[in-house]
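In the text below, chain A, chain B and the rest are named by the order of the sequence lines, each starting its count at 1. Note that the coordinates shown come from a computational prediction; the quantities given were computed from them, not determined experimentally.
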There are 2 protein chains.
Amino acid sequence: MAASGIETALRMLEGRWKMVIIFHLFDRGTLRFSELERAIPGVSQKVLINQLRELEKDGIVERQVYPQVPPKVEYKLSAWGEQMCPALDLLLEWTAQRPQGNAET
Amino acid sequence: MAASGIETALRMLEGRWKMVIIFHLFDRGTLRFSELERAIPGVSQKVLINQLRELEKDGIVERQVYPQVPPKVEYKLSAWGEQMCPALDLLLEWTAQRPQGNAET
DNA sequence: CGGCGAGGTTACCTGTAGGTGAGTACCCTA
DNA sequence: TAGGGTACTCACCTACAGGTAACCTCGCCG
């Protein structure tokens, strides 16, 4: 069943903050951990790291560590991660086409 | 931030069985409750109903009740629900393009 | 009469995602 | 010497999605 492929995709995208992270990275290119922290006020360190790790292991974002005196770690979308954006756009379009504002009552 | 639109979409699609339901309905058109139950062996009644109700309230599936002697209820994708399929296809394509089989180790 | 199948509802339990708060190693600055 | 910034880790707690199992109504079949 074709659902399995999409389920895989959805699994990778699911997580309270992943989309937010992805959009920030798409928007600003490369961000340090602390920059992400500041860019996304609602998220806790633990969860942010968690979601970043998952995105990394799924190959969506890349993590670059600079072995410096004060640690420095940069995150950015992988090439493949960027390729996801058209799909997200289409999904966005689809939600926009929702008939008669079924905003939740 | 545009993420919010996609988060909405993701919220509607997220749920262990929703994609499976959607694919079955897309594939076979219209299905009765018991047909769905049989088509998706892993799901419990409670959860199946639950996900159907959510899909219905999000306007993705339509529910048709026939007030018959033994109850009969049919589910099918709404027009809008069917319009989601291209987006899912694109997502599917994207997952297919994943570089060097990062199947989870 | 007893049981089945339809499409549910209800009560209860569990696993896990997410949140909170603290601690850590290291160096720099004041 | 105290405190701050960086990128984390660890222990603990809670909420909720999902799973399990029993029950319900109504008619028909045997």
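Listed pair B:R53 / C:dT9 meets the phosphate criterion, a side-chain N or O lying under 4.0 Å from OP1 or OP2.
Five base pairs at each end of the helix from C:dC1-D:dG30 to C:dA30-D:dT1 define two local axes, and these are offset by 30° (rounded to 10°).
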Audit row: A:L31, A:L25, side-chain contact (heavy atoms from CB on, under 4.5 Å) steps and yes/no: CA-CA 7 Å; A:L31 287 171; A:L25 290 180; 3.9 Å; yes
For B:V73 and B:Q64, what are the C-alpha separation, side-chain angles and deciding distance, and is it a side-chain contact (heavy atoms from CB on, under 4.5 Å)? CA-CA 6 Å; B:V73 181; B:Q64 171 77 290; over 6 Å; no
Apply side-chain contact (heavy atoms from CB on, under 4.5 Å) to the pair A:V61 and A:K76, showing each step before the final yes or no. CA-CA 5 Å; A:V61 311; A:K76 65 191 196 88; over 6 Å; no
Might you work through the side-chain contact (heavy atoms from CB on, under 4.5 Å) test for B:L90 and B:E93, ending with a clear yes or no? CA-CA 5 Å; B:L90 203 51; B:E93 249 179 68; 4.1 Å; yes
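Taking the six-membered ring for Trp and thresholds of 30 and 60 degrees, B:F33 and B:Y75 have ring planes inclined between 30 and 60 degrees apart.
Using a 4.0 Å heavy-atom criterion, one finds that B:Y75 contacts the sugar-phosphate atoms exclusively.
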Summary of protein contacts for nucleotides 17-27 of chain C, nucleotide by nucleotide, where a base hit scores B, a sugar-phosphate-only hit scores S (4.0 Å, heavy atoms): -BBB------S
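A:Q83 is listed as a side-chain neighbour of B:Q97, based on a closest heavy-atom distance under 4.5 Å. Counting heavy atoms from C-beta outward, A:E14 and B:L10 have side chains that stay 4.5 Å or more apart. Within the 4.5 Å cutoff, side-chain heavy atoms of A:M84 are placed close to those of A:L13.
In this structure a side-chain-to-backbone donor-acceptor pair under 3.5 Å is missing from A:T95 to B:A9. Proximity of a side-chain donor or acceptor of A:W80 to a complementary backbone N or O of B:W94 within less than 3.5 Å is detected.
Listed by residue number, the members of residues 29-38 of chain A with any heavy atom below 4.0 angstrom from DNA chain D are A:R32, A:F33, A:S34, A:R38.
Applying the 4.5 Å side-chain rule to ILVMFWY residues, one finds that B:Y66 remains a lone member of its cluster.
As a whole-Å value, the separation of B:R63 CZ from C:dA6 C1' is 13 Å.
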What side-chain donor-acceptor pairs closer than 3.5 Å can you find for residues 35-52 of chain B, not counting sequence neighbours?
from  : atom 1 : to    : atom 2 : distance (Å)
B:E35 : OE1    : B:R32 : N      : 2.7
B:E37 : OE2    : B:Q45 : NE2    : 3.3
B:S44 : OG     : B:V47 : N      : 3.4
B:Q51 : OE1    : B:W17 : N      : 3.1
B:Q51 : OE1    : B:K18 : N      : 3.2

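Taking every nucleotide of DNA chain D with any atom under 4.0 Å from a non-hydrogen atom of chain B, the first and last of them, 5' to 3', are D:dG18 to D:dG27.
Minimum interatomic distance between B:S78 and B:G59 (heavy atoms only, all atoms of both residues): OG-O, 2.7 Å.
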